[in-house]
2 protein chains.
Amino acid sequence: MTIRAMESSKAMDGVGGSAVDGSRGTGGGKAVDGGGTRRQATRQKLYEAAVSLIAEQGFSATTVDEIAERAGVAKGTVYYNFASKSVLFEELLRHGVGLLTASLREAAERTAKDGGSKVDALDAMVRAGLVFIDRYPAFTQLYVAELWRTNRAWQSTLLVLRQEAVAVVERVLRDGVDSGELSEEIDVPLTAAALFGMVLVAALDWKAFQPERSLDDVHAALSRLLQGRVAGGR
Amino acid sequence: MTIRAMESSKAMDGVGGSAVDGSRGTGGGKAVDGGGTRRQATRQKLYEAAVSLIAEQGFSATTVDEIAERAGVAKGTVYYNFASKSVLFEELLRHGVGLLTASLREAAERTAKDGGSKVDALDAMVRAGLVFIDRYPAFTQLYVAELWRTNRAWQSTLLVLRQEAVAVVERVLRDGVDSGELSEEIDVPLTAAALFGMVLVAALDWKAFQPERSLDDVHAALSRLLQGRVAGGR
DNA sequence: CCTTTTGAACTGACTGGTCAGTGCAAAAAC
DNA sequence: GTTTTTGCACTGACCAGTCAGTTCAAAAGG
């Protein structure tokens, strides 16, 4: 009934886990990576807690105390790791959309390399979208909820990120039109948005109302909508 | 930009309960209709103010003071007319989704009466959806943002309303499959959700990023996605 | 070995501000 | 005369962000 999934990421070291290395930084800067395993783990926990809570309740209704509690961390730790609540959220968005964009791009390129048609590429991207939503349902939910909001601090960030993701779809559509594989009548930006929405909403409904169905099943249903006039009258 | 009045039926009496002296609902039967024009107008203004603000900022980030101010009304008036902020919002949702459902149903029935095919009916519903979003973009925005949220007071309300709307689309799809006009391979609930999402996202993108385009234009683009395999391999 | 030092990471009580909702007397509208 | 609206002061809860203090593993020193 509800979208419950964990934004599980690969198992990571537990709290007391191997302290592989201290970030005894030379140069005193904060090593973003390549050190600080402990900090990394904390940030990861905070991401996961924030994503699920904000997906459930929305940004404003989610308190920093709740985030800290779900992450199993003190409130001060949140502010030690992130400048503010909205900075935490913005980094979250950036990270999540980055994953999605990379995934779509990879799907398109893989298909091209394998000599697939543009429709095959679209189909592969639909699947990539489904896989993403299957893995990160809470993030997807949150993304949709915030996407068209105005008057928010991160609105411009979100716009840019959206454009990056949709551009991947548009690219494939345009190539298809140019090569004659797709009807030249199609409206590239609008069709891209429509496909995006089709996958998004269908997948959220899948997760929310028929979670027992398989990804293949859902993919097959969406594939049918892709065929037809869009594919140049086939 | 906003939702029209709530012309329909009995104007829930419990509203006045919390404010002002004991006009307790249980007492004598209150005139359901008695001279409500003024009050009606106030509620209308409050609806409009709330819809636009919540679409912009979200429910929690929108204050009652803001709603009152945008409506050009005193704060006390909000509470004279609605029991609470969330009741105001819930009535808003109910009313808006009701309009959408009625509009979809009307489109389907009109097409049937005119002897159109099921695909024609779907197409008419796509257009009805676009007309709705064109008229009430803020409401649509707000609806999408709240639809998959969990842990909210109005979640169950929203679920029921969503089902009513999607059911109209499912009905047409099922009839089409039964009559052989549509492929029996299609997955009715999933396809309905996908179509819903296609229109929703495409239309929001239209409003947000290419508002200069005409409704006919957008409708034509979406119609193409409807054709093809879904239409039974025509 | 063992002891001391260091400082990044973390903690949680506290603060200053915000906001939903109340109460009421008086004015306005009907 | 009744319903509706106004204006405003008030309260109690809640919450983002702060900060003085604690923890602890690794480095430095013996």
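All chains are named by letter (A, B, ...) in the order of the sequence lines, taking the proteins before the strands, and each is independently numbered beginning at 1.
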message: Given C:dG21, D:dT6, D:dT5, identify the nucleotide with an atom nearest to the side chain of B:Arg39.
response: D:dT5
field: Sugar-phosphate only, base, or nothing, as touched by B:Ser86 at under 4.0 Å among non-hydrogen atoms
entry: nothing
Short side-chain N/O contact from A:Asn81 to OP1 or OP2 of C:dA8, under 4.0 Å: no
- request: Map B:Asp65 and A:Gly76 onto DNA chain C by nearest heavy atom, then report which one ends up closer to the 5' terminus.
  value: A:Gly76
- request: Using atom CZ of B:Phe59 as one end and atom P of C:dC19 as the other, report the distance to the nearest whole Å.
  value: 14 Å
message: As a test of reading the structure: which of D:dA16, C:dA20, D:dT4 is closest to the side chain of A:Lys75, going by heavy atoms?
response: D:dA16
- prompt: If you check every side-chain atom of A:Tyr80, which of D:dT3, C:dC10, D:dA16 has the closest atom?
  reply: C:dC10
- request: Can you check whether any acceptor in the base of C:dG21 is under 3.5 Å from a donor in the side chain of B:Lys85, or vice versa?
  value: no
query: If you check the B:Tyr79 side chain, which of C:dA20, D:dG17, C:dG12 turns out closest?
result: C:dA20
- request: Determine the contact category for A:Val78: base if any of its heavy atoms lies under 4.0 Å from a base atom, sugar-phosphate if only primed atoms, P, OP1 or OP2 are that close, otherwise nothing.
  value: nothing
- prompt: A:Glu69 CD to C:dA13 P: how many Å, rounded?
  reply: 13 Å
- prompt: Counting side-chain heavy atoms from C-beta on, which of D:dA16, C:dC19, C:dG12 comes nearest to B:Thr63?
  reply: C:dC19
- line: Minimal heavy-atom distance between A:Leu215 and A:Arg127, with the atoms involved, is CD2-NH1, 3.6 Å
query: When all nucleic acid strands are considered with a 4.0 Å heavy-atom cut-off, which category describes B:Ser60: base, sugar-phosphate, or nothing?
result: nothing
